[in-house]
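Below is one structure, written out as structure tokens; the observations come after it.
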Amino acid sequence: TDSANIFGAVRFYAAARKKGVKPIVGCDLWITNETDRDNPFRLAVLVQDRTGYLNLCDLLTRAYLENQHRNRAEVRLEWFEEQGGRLAAGLIALSGGRHGDVGSVMLAGKMDAARLAAQRMAAAFPGRYFLELHRTGHERDAAQTRAALALGALTKLPVVATHPIQFM
């Protein structure tokens with residue numbers, strides 16, 4: 001995944017295919033935090049099919065044209081719900097761990113708000129929304145993991161362990 005764009009997707013896709021690997025393209029999106037615009041949430045989306053790729057392109061274009069904050073293109077959560085969820089089609093969503101909307105309210109001890117936020121995302125991405133767990137050595141990772149596992153059991157949402165890696 002690229003961060004807030006998919007500029008490297010074509011080159012990555014071509015290189016992977018050349019080596020006989022089926023690539024998964026995606027994007028780590030900035031999601032507008034309406035209560036604190038300077039601290040957006042994160043949401044990783046993975047392209048499931050051609051529709052998902054085109055929808056991701058539409059989402060990123062709209063974010064750059066309509067919703068920039070401090071030179072950061074941000075997607076609004078309601079965009080995934082518009083037109084019967086058209087822009088969420090073909091995308092798999094990973095909650096963003098402690099950096100996502102669900103994780104941030106879990107860590108604030110607001111489990112009811114976390115449950116509602118997770119259910120909202122699960123409705124936008126039916127069968128394609130996962131609570132994300134990270135073990136990066138950050139002091140809040142263990143608390144977020146425990147809370148996400150409890151929330152997953154409560155809501156019947158699947159969890160996925162990922163490791164965010166960023167490099168030049």
>> Please evaluate residues T32 and N67 with respect to the criterion side chain to side chain contact (heavy atoms under 4.5 Å, CB included), reporting the C-alpha separation (whole Å), side-chain torsions for both, the decisive distance (0.1 Å), and the verdict.
In response: CA-CA 9 Å; T32 298; N67 195 40; 2.7 Å; yes
>> Go through it in stages, so that I can follow the logic: the residues are R115 and V102, the test is side chain to side chain contact (heavy atoms under 4.5 Å, CB included), and I'd like the CA-CA distance, side-chain angles, deciding distance and then a yes or no.
In response: CA-CA 8 Å; R115 179 183 49 79; V102 174; over 6 Å; no
Closest non-hydrogen atom pair between [X] and [Y], with its separation:
X    : Y    : value
N55  : A89  : ND2-O, 2.9 Å
A9   : V25  : CB-CG1, 3.8 Å
E74  : P40  : OE2-CB, 3.7 Å
T136 : H163 : CG2-CE1, 3.9 Å
A73  : W30  : O-CB, 3.7 Å

> Is the count of non-hydrogen atoms from other residues, nucleotides or ligands lying under 6.0 Å from I24 atom CD1 greater than 12?
Replying inline: no
>> Using side chain to side chain contact (heavy atoms under 4.5 Å, CB included), reason through V47 and L91 one step at a time and then give a plain yes or no.
In response: CA-CA 5 Å; V47 171; L91 294 172; 4.2 Å; yes
Could you check whether any side-chain N or O of [X] sits under 3.5 Å from a backbone N or O of [Y], counting only pairs where one atom can act as donor and the other as acceptor?
X    : Y    : result
S95  : E132 : yes
D2   : C27  : no
R128 : A88  : yes
N39  : R37  : no
Q68  : Y64  : yes
H138 : R140 : yes

Measuring from atom [atom1] of [X] to atom [atom2] of [Y], what distance do you get when rounded to the nearest 0.5 angstrom?
X    : Y    : atom1 : atom2 : answer
N5   : T61  : CG    : OG1   : 11.0 Å
N33  : L77  : CG    : CG    : 9.5 Å
Q119 : L151 : CD    : CG    : 8.0 Å
D141 : R135 : CG    : CZ    : 9.0 Å
L87  : E81  : CG    : CD    : 11.5 Å
R98  : H134 : CZ    : NE2   : 8.5 Å

> For S104 and H99, what are the C-alpha separation, side-chain angles and deciding distance, and is it a side chain to side chain donor-acceptor pair (under 3.5 Å)?
Replying inline: CA-CA 6 Å; S104 66; H99 301 291; over 6 Å; no
> How far apart are the C-alpha atoms of L43 and M121, what are their side-chain angles, what is the distance that settles it, and do they pass the side chain to side chain contact (heavy atoms under 4.5 Å, CB included) test?
Replying inline: CA-CA 10 Å; L43 180 75; M121 294 304 289; 3.8 Å; yes
>> Does any part of the side chain of L131, heavy atoms only, come nearer than 4.5 Å to the side chain of M106, both counted from C-beta?
In response: no
> Are any of the side-chain heavy atoms of C57 and I6 separated by less than 4.5 Å?
Replying inline: yes
Are [X] and [Y] connected in the hydrophobic side-chain network, where two residues link if heavy atoms are under 4.5 Å apart?
X    : Y    : value
F125 : L54  : yes
V45  : L157 : yes
I31  : L107 : no
F12  : Y53  : yes
F130 : L29  : no

> Which of these, T145, L94, L133, sits in a side-chain contact (heavy atoms from CB on, under 4.5 Å) with V159?
Replying inline: L133
>> If the threshold is 4.0 Å, N to carboxylate O, is there a salt bridge linking R42 and D101?
In response: no
>> Please determine whether a side-chain nitrogen of the Lys or Arg among R76 and E66 lies less than 4.0 Å from a carboxylate oxygen of the Asp or Glu.
In response: no
> If we ignore angles and hydrogens, is there a donor and acceptor under 3.5 Å between the side chains of S3 and D28?
Replying inline: no
